[in-house]
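Have a look at the structure below before the remarks.
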Amino acid sequence: MFNIILFGPPGCGKGTQSEKLIAHYGLKHLSTGDLLRKEMKDGTPLGLEAKSLIQKGQLVPDEVVVGMISSALEANPDVPGFLFDGFPRTVAQARALDNLLDLKKTSIEVVLALQVNEEELISRLINRAQTSGRMDDADPEIQRNRQQVYKNETLPVAEYYAKFDKVEMIDGEGTIEEIFSRLQKSIDTKKGLAS
Ligand code: AMP
């Protein structure tokens, strides 16, 4: 299995690049944000619990997202690998993911960390709000909160994986195609090393 984490702040392009990466490499896309939005849309108890936190730009509890990822891993035994998008967002989630993958005798191959300056992030989120219909994109206060939560809780995840020499910094500015080709180059090099 070849497992990738696409890492970076809200608005860095993880969703857009994930779509291209799964199409190209045949990986199973696991986005905790998408899974949570589906729970909200279906009006499940989990969705209702998540909604009030997402609306404030806060994180959903680790047990909730780890549980969702655990079920998704079980439900997809035969895929060539997973692309994790928006997960892990805390060091506790990263440790839990490592344990889950360990049980499956696999691991994270690379963490691709998209680098985008803060002004560009905010402007991308404002643009996205016009089409995404996401309440957490539309409100500047929530956006600021999400960037703050990213810095406090999620950036340490990159430090955690850097200790295992798994982090690759990718320039996340430029056209969608330019960014994709940088990601592709990094993955193909890793794949060469991995095989
Ligand atoms: P995203 O679509 O990845 O930007 O996620 C939207 C929102 O869902 C986030 O702002 C969080 O409130 C929640 N969320 C998504 N993934 C996670 C996660 N791994 N841990 C905690 N909360 C999450």
Side-chain angles (χ1 to χ4, degrees), residues 3-22 27-73 82-101 108 111-116 118 120-161 167 172 183:
N3 304 306
I4 300 172
I5 295 174
L6 194 54
F7 187 84
C12 74
K14 294 191 294 293
T16 306
Q17 294 298 332
S18 287
E19 277 175 32
K20 294 181 73 66
L21 289 169
I22 54 166
L27 301 170
K28 173 72 185 166
H29 185 203
L30 291 184
S31 153
T32 40
D34 285 353
L35 292 170
L36 288 165
R37 279 184 288 277
K38 165 121 185 21
E39 297 280 343
M40 277 161 50
K41 192 163 151 264
D42 293 348
T44 65
L46 194 158
L48 291 177
E49 184 195 340
K51 189 171 180 178
S52 60
L53 294 164
I54 293 175
Q55 265 174 341
K56 289 185 233 151
Q58 291 173 2
L59 294 183
V60 171
D62 290 337
E63 315 81 76
V64 173
V65 284
V66 170
M68 290 192 321
I69 289 290
S70 173
S71 309
L73 294 182
F82 293 97
L83 174 68
F84 297 96
D85 159 10
F87 178 89
R89 258 174 157 102
T90 64
V91 172
Q93 291 178 21
R95 289 187 205 282
L97 176 61
D98 279 354
N99 289 336
L100 288 172
L101 293 177
I108 293 297
V111 178
L112 299 167
L114 288 169
Q115 310 291 302
V116 178
E118 197 154 332
E120 170 80 13
L121 288 176
I122 301 287
S123 115
R124 285 189 195 178
L125 285 172
I126 290 168
N127 279 335
R128 188 169 84 181
Q130 290 168 357
T131 51
S132 71
R134 283 176 53 170
M135 70 246 173
D136 57 340
D137 284 345
D139 185 325
E141 186 60 36
I142 301 177
Q143 275 185 30
R144 267 193 295 279
N145 207 10
R146 284 163 71 200
Q147 302 296 345
Q148 204 52 48
V149 167
Y150 172 78
K151 282 181 197 155
N152 296 341
E153 312 226 21
T154 306
L155 262 183
V157 172
E159 289 158 25
Y160 169 83
Y161 285 110
V167 181
L183 290 166

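Numbering of ligands and ligand atoms starts at 1, following listing order.
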Of the listed options (Leu125, Ile142, Ile54), which comes nearest to atom 7 (C) of ligand 1 when hydrogens are ignored and any heavy atom counts? Ile54
Using a 4.0 Å cut-off to any heavy atom of Gln93, which atoms of ligand 1 qualify? 18 (C), 19 (N), 20 (N), 21 (C)
Atom 6 (C) of ligand 1 [closest protein heavy-atom partner, distance rounded to 0.1 Å]: Arg134 NH2, 3.5 Å
Tyr160 meets the ring pair (Phe, Tyr, Trp, His ring centres under 6.0 Å) criterion, sequence neighbours left out, with Phe164
Does any donor atom in the side chain of Glu39 or Thr44 lie under 3.5 Å from an acceptor atom in the other side chain? yes
Would you call Asp34 and Lys38 a salt bridge, taking side-chain N to carboxylate O under 4.0 Å as the test? no
Just so I know, are the side chains of Leu30 and Leu73 near enough to count as touching, which here means a heavy-atom distance under 4.5 Å? yes
Which atoms of ligand 1 are found less than 4.0 Å from any heavy atom of Gly86? 16 (N), 17 (C), 18 (C), 19 (N)
Have a look at ligand 1 and work out which part of Val65, if any, has a heavy atom under 4.0 Å from it: side chain, backbone, both or neither. side chain
Exactly one candidate in Arg124, Arg37, Arg128 meets salt bridge (charged side-chain N to carboxylate O under 4.0 Å, His left out) with Asp137; the answer is Arg128
Nearest neighbour of atom 1 (P) of ligand 1 from the list Arg146, Lys14, Arg89, Met40, on a heavy-atom basis: Arg89
So for Asp136 against ligand 1, with non-hydrogen atoms under 4.0 Å, the contacting part is side chain
Atom 13 (C) of ligand 1 - nearest protein heavy atom and its distance: Leu36 CD1, 3.6 Å
of all protein heavy atoms, closest to atom 11 (C) of ligand 1 is Gln58 O, 3.6 Å
In the structure I gave you, are the side-chain heavy atoms of Val66 and Leu100 within less than 4.5 Å of one another anywhere? yes
With side chains defined as the heavy atoms from C-beta onward, is the minimum distance between Gln93 and Val157 less than 4.5 Å? no
Ligand 1 N/O within reach of Val60 N/O, cut-off under 3.5 Å: yes
Regarding ligand 1, does Thr32 bring an N or O atom to under 3.5 Å of one of the ligand's N or O atoms? yes
Answer with side chain, backbone, both or neither: which part of Glu153 has a heavy atom less than 4.0 angstrom from an atom of ligand 1? neither
Nearest-0.5 Å distance that lies between atom CG in Leu21 and atom CD1 in Ile4: 6.0 Å
